Participant: 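Sharing a structure with you now.
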Amino acid sequence: MAKKNIFTDAFGTPYFLKRFIIFILGVVSYRRFNGFNKLKITGTEHLVDLPDSNVLFVSNHQTYFADVAAMYHAFCAVNNGYLNTIKNPIYLLNPKIDFYYVAAEETMNKGILPKIFKIAGAVTVKRTWRAEGKTVNRMVDLTEVDNIMKALDNGWVATFPQGTTSAFAQGRRGTAKLVKNQRPIVIPIKINGFRRAFDKKGLRVKVTGVKPTMEFKAPLDIDYDNEKAPEILLKIMTAIEQTEDFNVLHNYDEELKAKKVEQKDSNN
């Protein structure tokens, strides 16, 4: 596995370039999270004593870029001693540069801005089940898995186990297999309100006055030797509150159906 050095990250990107891009993107996006809308961050105390590498953040997903941009703000703030707040953007002068995030290749290759985001720390993957809006069925590219492992060996990595911005979509087994094999510290992140505040790409403010939330939870307790991938995946999906148990509308619909069946039976 390649290693970072004092000049470049694990993928050969110069640190000075990453610092510059993170700073510029942070300045541009700051008012979106502490102006037009007020981002509420909780749980960053769980990040203080984490090691510099082999830490995996698993999160639900609501926009293409706003979710990740908010994570950068949170991580840079913690890197400078600010917990649960991004009110002092001076932290952008000393960013968290060994942070990577897993993103769909097709998303990161559309337009100039996504390509700039990519330089900041994207580890791109090709979806095995969907491409260009169509259902596909293709093999996992092992080179992409190696890249994610390389990122974990050299820093923190954020991934979205659902692989989509659709709420309550099923989790992908690849995330659980990665956790099983790499044995990282796994930190769940629960986000909410991003879908309402921003457009789907997360580049445009859709509604102002929203208070998006980002909650960092305690590291998952995983028995790497005895727990199987499906058990790990369920634990992850429960922690980010994306199982059907958390789907209030689904539960409401099911209760409504049950009531209708009851009424029909009583009438008969």
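Everything numeric here is computed off the predicted structure, so don't read it as measured data.
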Participant: Please give me the minimum heavy-atom distance between Lys18 and Gly121, naming the atom from each residue.
Facilitator: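 Scanning both residues, the minimum pair turns out to be NZ-CA, 4.4 Å.
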Participant: Is there side-chain contact between Lys40 and Lys211, with at least one heavy-atom pair below 4.5 Å?
Facilitator: no
Participant: Without swapping roles, check the side chain of Asn147 against the backbone of Val123 for a donor-acceptor pair under 3.5 Å.
Facilitator: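 No, Asn147 side chain to Val123 backbone: no donor-acceptor pair under 3.5 Å.
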Participant: What distance do Asn60 atom CG and Gln242 atom CD have between them, rounded to the nearest 0.5 Å?
Facilitator: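 Reported to 0.5 Å precision, the distance equals 4.5 Å.
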Participant: List the atom of Phe36, the atom of Val205, and the distance in Å for their closest heavy-atom pair.
Facilitator: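 In terms of heavy atoms, the two residues are closest at CD1-CG2, 4.2 Å.
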Participant: Between Tyr30 (side chain only) and Leu25 (backbone N and O only), is there a donor and an acceptor less than 3.5 Å apart?
Facilitator: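 A pair under 3.5 Å: no.
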Participant: Considering residues, nucleotides and ligands other than Asn5, do more than 12 of their heavy atoms fall under 6.0 Å from its CG?
Facilitator: yes
Participant: So, Lys235 side chain and Asp221 main chain: donor-acceptor pair closer than 3.5 Å or not?
Facilitator: yes
Participant: Can you tell me how far CZ of Phe16 sits from CD1 of Ile21, rounded to the nearest 0.5 angstrom?
Facilitator: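 Here the rounded value is 9.5 Å.
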Participant: From Leu39 CG over to Asn34 CG, what is the distance, rounded to the nearest 0.5 angstrom?
Facilitator: 8.5 Å
Participant: Would you please test Tyr224 and Val179 for side-chain contact (heavy atoms from CB on, under 4.5 Å) and show each step?
Facilitator: CA-CA 8 Å; Tyr224 295 104; Val179 170; 3.7 Å; yes
Participant: Mind checking the CG-CD1 spacing from Leu56 to Ile185? Nearest 0.5 Å is all I need.
Facilitator: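 Nearest 0.5 Å value for the CG-CD1 distance: 10.5 Å.
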Participant: Mind listing the closest non-hydrogen atom pair of Val55 and Phe57 along with its distance?
Facilitator: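 Reported closest heavy-atom pair: CG1-CE1, 3.6 Å.
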Participant: Can you name the one residue among Gln170, Met237, His61, Arg172 that meets side chain to side chain contact (heavy atoms under 4.5 Å, CB included) with Pro161?
Facilitator: Met237
Participant: So which of Lys180, Glu227, Arg173 actually passes side chain to side chain contact (heavy atoms under 4.5 Å, CB included) with Leu233?
Facilitator: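 Output: one option passes, namely Arg173.
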Participant: Would you say the rings of Phe11 and Tyr100 are close, in the sense that their centroids are separated by under 6.0 Å?
Facilitator: yes
Participant: So do Leu178 and Leu152 actually touch side chain to side chain, heavy atoms under 4.5 Å?
Facilitator: yes
Participant: Could you tell me whether a side-chain N or O of Gln162 sits under 3.5 Å from a main-chain N or O of Ala169, the two making a donor and an acceptor?
Facilitator: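 Between the backbone of Ala169 and the side chain of Gln162 there is a qualifying donor-acceptor contact (under 3.5 Å).
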Participant: Answer yes if Met71 and Val210 sit in the same cluster of Ile, Leu, Val, Met, Phe, Trp and Tyr residues linked by side chain heavy atoms under 4.5 Å apart, and no otherwise.
Facilitator: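 Met71 and Val210: separate clusters.
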Participant: So which heavy atom on Ile22 is nearest to which on Tyr72, and how close?
Facilitator: CD1-CE2, 3.8 Å
Participant: If you look at every heavy atom in Thr107 and Pro114, which pair is closest and at what distance?
Facilitator: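 Taking Thr107 first and Pro114 second, the nearest heavy atoms are O-CB, 3.7 Å.
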Participant: Taking side chain as C-beta onward, heavy atoms only, is Thr213 less than 4.5 Å from Thr42?
Facilitator: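 Contact flag for Thr213/Thr42 side chains = no.
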Participant: Could you check whether any side-chain N or O of Asp67 sits under 3.5 Å from a backbone N or O of Phe194, counting only pairs where one atom can act as donor and the other as acceptor?
Facilitator: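 Absent.
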Participant: Taking the six-membered ring where the residue is Trp, are the ring centres of Tyr101 and Phe65 under 6.0 Å apart?
Facilitator: no
Participant: Could you tell me if the side chain of Tyr82 sits less than 4.5 Å from the side chain of Ile41, heavy atoms only?
Facilitator: no
Participant: Could you check whether any side-chain N or O of Lys190 sits under 3.5 Å from a backbone N or O of Glu241, counting only pairs where one atom can act as donor and the other as acceptor?
Facilitator: no
Participant: Check Asp225 with Arg183, please: is the shortest side-chain N to carboxylate O separation under 4.0 Å?
Facilitator: yes
Participant: Quick check: do Ile116 and Ile24 have side-chain heavy atoms less than 4.5 Å from each other?
Facilitator: no
Participant: Is the shortest heavy-atom distance from the side chain of Thr165 to the side chain of Tyr64 under 4.5 Å?
Facilitator: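 Yes; the side chains approach each other to less than 4.5 Å.
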Participant: Any idea how His73 and Phe33 line up, ring-wise: parallel (<30°), tilted (30 to 60°), or perpendicular (>60°)?
Facilitator: perpendicular
Participant: Examine distances only and state if a side-chain atom of Asn154 and a backbone atom of Ala10 form a donor-acceptor pair shorter than 3.5 Å.
Facilitator: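 A pair under 3.5 Å: no.
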Participant: Check whether the side chains of Thr44 and Asn84 place a donor and an acceptor atom closer than 3.5 Å, and report yes or no.
Facilitator: yes
Participant: Does Asn54 reach the main-chain N or O of Asp153 with its side chain, forming a donor-acceptor pair under 3.5 Å?
Facilitator: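 No, the answer is negative, given that no donor and acceptor are paired below the 3.5 Å cut-off.
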Participant: Given the rule in the side-chain contact (heavy atoms from CB on, under 4.5 Å) test, do Val68 and Phe160 qualify, once you have shown the distances and angles that lead to the verdict?
Facilitator: CA-CA 10 Å; Val68 173; Phe160 305 94; 3.8 Å; yes
Participant: If you measure only the distance, is there a donor-acceptor pair under 3.5 Å linking the side chains of Asp98 and Tyr15?
Facilitator: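 Side chains of Asp98 and Tyr15: pair found under 3.5 Å.
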Participant: Tell me whether the count of non-hydrogen atoms from other residues, nucleotides or ligands lying under 6.0 Å of NZ in Lys201 goes above 12.
Facilitator: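 Atom NZ in Lys201 is not packed in, count stays at 12 or less.
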Participant: To check you understand the geometry: which heavy-atom pair defines the closest contact between Phe117 and Leu203, and what is its length?
Facilitator: CE1-CD2, 4.4 Å
Participant: What's the separation between atom CZ in Arg195 and atom CD in Gln62, rounded to the nearest 0.5 Å?
Facilitator: 4.5 Å
Participant: Are Met214 and Val48 linked, directly or through intermediate hydrophobic residues, by side-chain heavy-atom contacts shorter than 4.5 Å (ILVMFWY only)?
Facilitator: yes
Participant: Which value, rounded to the nearest 0.5 Å, describes the distance between Thr124 atom OG1 and Ile148 atom CD1?
Facilitator: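 One gets 9.5 Å once the value is rounded to the nearest 0.5 Å.
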Participant: Which label fits Phe75 and Phe99: parallel for a plane angle under 30°, tilted from 30 to 60°, or perpendicular past 60°?
Facilitator: perpendicular
Participant: Does one hydrophobic cluster hold both Val28 and Leu17, with members joined at side-chain heavy-atom distances below 4.5 Å?
Facilitator: yes
Participant: Side-chain heavy atoms under 4.5 angstrom apart, residues restricted to Ile, Leu, Val, Met, Phe, Trp, Tyr: same cluster for Leu234 and Ile187?
Facilitator: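 No, because Leu234 and Ile187 fall into different hydrophobic clusters, even though each may have its own neighbours under 4.5 Å.
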Participant: Any donor-acceptor pair under 3.5 Å linking the side chain of Asn80 with the backbone of Ile90?
Facilitator: no
Participant: Decide if atom CZ of Phe20 counts as having more than 12 heavy atoms of other residues, nucleotides or ligands within a radius under 6.0 Å.
Facilitator: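 Incorrect, the count does not exceed 12.
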